[in-house]
Amino acid sequence: TVNPNNDPTLLNIEFKRCLMKLKTPVSNSMYQDQMLWNTNPQFTNTAENKFKPLPTSPLNGQANPAFSLPKDIEETDRSISNPDIGAYEF
């Protein structure tokens, strides 16, 4: 959302239940809720562009169910109460 002064160069950004990897700390202007910071997502094989999470991935069951789609990228039903972060439902 644009800030109260209507300056289009400043944004209020809200991140909820997502994975983020950063080399430098984030500013306090961002709102963060249940974030996974600099965590290995445990994808199948990133060298071969296979980004499906392994069964041990910290992404499993961590998405916000209020904003989850009913199916994943492979048309697999998502969990209603504990969906996974990302394109795949494990």
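Predicted model, so just to flag it, every value in this text is computed and none were measured. We're numbering straight along the sequence, starting at 1.
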Under 3.5 Å: donor-acceptor pair, side chain of [X], backbone of [Y]:
X	Y	value
N64	I85	no
S68	P83	no
T39	P41	no
D84	G61	yes
N60	P55	yes

Open item on the list: Side chains of P70 and R78, heavy atoms from C-beta outward: is any pair under 4.5 Å?
Closed with: no

Open item on the list: So T46 and F51, do their side chains get closer than 4.5 Å, heavy atoms only?
Closed with: yes

Open item on the list: If I compare all heavy atoms of P53 with all of Y88, which pair ends up nearest, and what's the gap?
Closed with: CD-CB, 3.9 Å

- [ ] Of all the heavy-atom pairs spanning F43 and L59, show the shortest one and how long it is.
- [x] CE2-CD1, 3.8 Å

Open item on the list: If I take atom CG from residue L69 and atom CG from residue D77, how far apart are they, to the nearest 0.5 angstrom?
Closed with: 12.0 Å

TODO: Working to the nearest 0.5 Å, report the span between NZ of K52 and CG of D72.
DONE: 7.0 Å

TODO: For the residue pair E89 and T76, confirm or rule out a side-chain donor-acceptor distance under 3.5 Å.
DONE: no

